[in-house]
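To start, the structure under review is shown below, and the notes come after it.
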There are 2 protein chains.
Amino acid sequence: MTGQVRDAVRTRRALLDAAARAVVVHGAGVSLDAVAREAGVSKGGLMHHYRSKDELMAALADDLFDQFARAVEDRIDPADTAPGRRLRAYVRATFDDLEKTQDAVEQTTLMATLSAFPEPARRAQERYRRWNRTLAEDGVDPQRILVVLRACDGASIAPLFEGPLGPEELAGTRSLLLALATGTGPLVG
Amino acid sequence: MTGQVRDAVRTRRALLDAAARAVVVHGAGVSLDAVAREAGVSKGGLMHHYRSKDELMAALADDLFDQFARAVEDRIDPADTAPGRRLRAYVRATFDDLEKTQDAVEQTTLMATLSAFPEPARRAQERYRRWNRTLAEDGVDPQRILVVLRACDGASIAPLFEGPLGPEELAGTRSLLLALATGTGPLVG
DNA sequence: CGGAGCGTACCGACCAGACGGTTTGTTAGC
DNA sequence: GCTAACAAACCGTCTGGTCGGTACGCTCCG
């Protein structure tokens with residue numbers, strides 16, 4: 001049944017979505033009350049599903065990472081068998097996110113804020129290391145990977161400091177990074 | 001006199017340093033008490049110099065930006081007259097900071113945390129826009145500037161998510177970015 | 001079929017402590 | 001002696017977390 005009054009899965013989903021919105025608005029100082037209210041749940045209900053604020057934030061972080069990982073997998077071109085196909089998918093996923101102008105700033109704010117909590121920060125490290133390993137097994141020159149990854153990260157946080165990026169700037173950087181992610185040899189001067 | 005008991009300049013310096021340390025340890029939730037204690041000053045003393053938490057954080061952010069700006073200026077090679085000399089100085093300043101391993105993670109944590117406060121966030125935007133303008137007047141292809149800047153930003157926040165970066169990785173990325181910052185033409189595939 | 005029993009989902013009042021900021025008081029230096 | 005630099009006690013508010021209780025929905029037995 002979909003119309004159930006009690007539905008743990010649905011409630012948890014609502015709580016995560018509400019938490020995301022509330023964190024963007026109120027910053028790291030969000031109150032659990034605010035999150036619960038935003039989700040249309042009592043604070044007791046929230047505490048039933050997430051036993052502490054840290055646990056809620058950790059769950060939120062995991063959710064975001066999962067979404068991004070799925071986005072990358074979705075963007076692997078099946079016709080593309082050349083080395084670096086996963087790295088290129090990573091670039092596409094990054095910039096597709098950035099092009100949803102509204103979301104971009106919020107997403108970034110969200111991640112930056114989350115990194116202020118201990119458990120989310122730890123999980124972020126774990127995920128990043130995993131990406132490093134995964135992408136390294138893709139046949140591209142390590143230097144290229146590094147630059148492309150750093151530039152992706154930089155582009156991701158840029159909205160936080162500079163506001164939304166212009167579409168032409170995004171498109172330019174995107175194609176440039178895709179090009180960098182395509183060659184196999186080292187790139188020098 | 002240097003041995004004065006009352007010295008506003010010295011006290012403010014101590015407060016900013018203490019705030020930096022305290023923010024790194026306690027995150028965005030630092031209490032003013034903690035900062036004051038760390039600085040060896042009473043809370044009243046703190047409030048005398050900075051009338052609110054936001055004001056303290058803004059001052060801290062300004063301090064960091066000023067330091068970085070000075071670091072860039074210091075690293076402009078006087079013998080280097082080719083286009084992009086300031087961009088290369090920017091790269092050097094970024095990676096010199098990153099190589100002080102201890103500081104790197106803390107510095108990044110600090111910036112990320114600060115960006116959670118309204119006033120510091122606004123000032124960060126202002127500074128970044130200024131850098132964009134300044135570096136654009138340096139004769140390098142805009143695309144190159146963008147990639148190099150993004151990669152610098154990315155490298156700066158990487159420690160936050162991945163822990164300290166290895167020296168060989170840093171050296172590699174650094175020289176690669178310096179190379180990218182040297183050519184004047186557009187770089188394609 | 002039905003209703004008793006039970007576990008999970010959820011509610012809402014409550015508390016202890018902490019925090020930002022104010023106020024009032026004290027002392028150093030010009 | 002007057003002002004700026006501090007100190008210290010204080011206050012109202014808010015927050016994370018707890019707890020006792022309620023309502024829903026399933027299951028299993030008769």
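These figures come from a predicted structure and were not determined experimentally.
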Length of the [atom1]-[atom2] vector between [X] and [N], whole Å:
| X | N | atom1 | atom2 | result |
| --- | --- | --- | --- | --- |
| A:H49 | C:dC11 | NE2 | C1' | 12 Å |
| A:Y50 | C:dC10 | OH | C1' | 15 Å |
| B:R10 | C:dG29 | CZ | P | 12 Å |
| A:H48 | D:dC19 | NE2 | C1' | 14 Å |
| B:E55 | C:dG20 | CD | P | 15 Å |
| B:L56 | C:dG20 | CG | P | 10 Å |

Open item on the list: Please check if the number of heavy atoms outside B:R86 that lie under 6.0 Å from its CZ is greater than 12.
Closed with: no
Open item on the list: Please list all pairs meeting salt bridge (charged side-chain N to carboxylate O under 4.0 Å, His left out) that have one or both residues in residues 21-36 of chain A, counting only residues at least two apart or in different chains.
Closed with: A:R21-A:E38, A:D33-A:K43
TODO: Sugar-phosphate means primed atoms, P, OP1 and OP2; the rest is base. With that split, encode nucleotides 7-17 of chain D 5' to 3' as B, S or - using protein heavy atoms under 4.0 Å.
DONE: BB------SBB
Task: Test salt bridge (charged side-chain N to carboxylate O under 4.0 Å, His left out) applied to B:R122 - qualifying residues, sequence neighbours left out - done: B:E119
Task: Set of salt bridge (charged side-chain N to carboxylate O under 4.0 Å, His left out) partners for A:D63, sequence neighbours left out - done: A:R13
TODO: With sequence neighbours excluded, tell me which residues meet ring-ring contact (aromatic ring centres under 6.0 Å, His included) with A:Y50.
DONE: none
TODO: State whether B:T11 places a side-chain N or O below 4.0 Å from either non-bridging phosphate oxygen (OP1 or OP2) of D:dA5.
DONE: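 Looking at the OP1 and OP2 atoms of D:dA5, neither is under 4.0 Å from any side-chain N or O of B:T11.
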Kindly list each side-chain donor-acceptor pair under 3.5 angstrom involving residues 148-157 of chain A, sequence neighbours excluded, with atom names and distances?
from: A:R150; atom 1: NH1; to: B:E162; atom 2: OE2; distance (Å): 3.1
from: A:R150; atom 1: NH2; to: B:E169; atom 2: OE2; distance (Å): 2.5
from: A:S156; atom 1: OG; to: A:C152; atom 2: O; distance (Å): 2.9

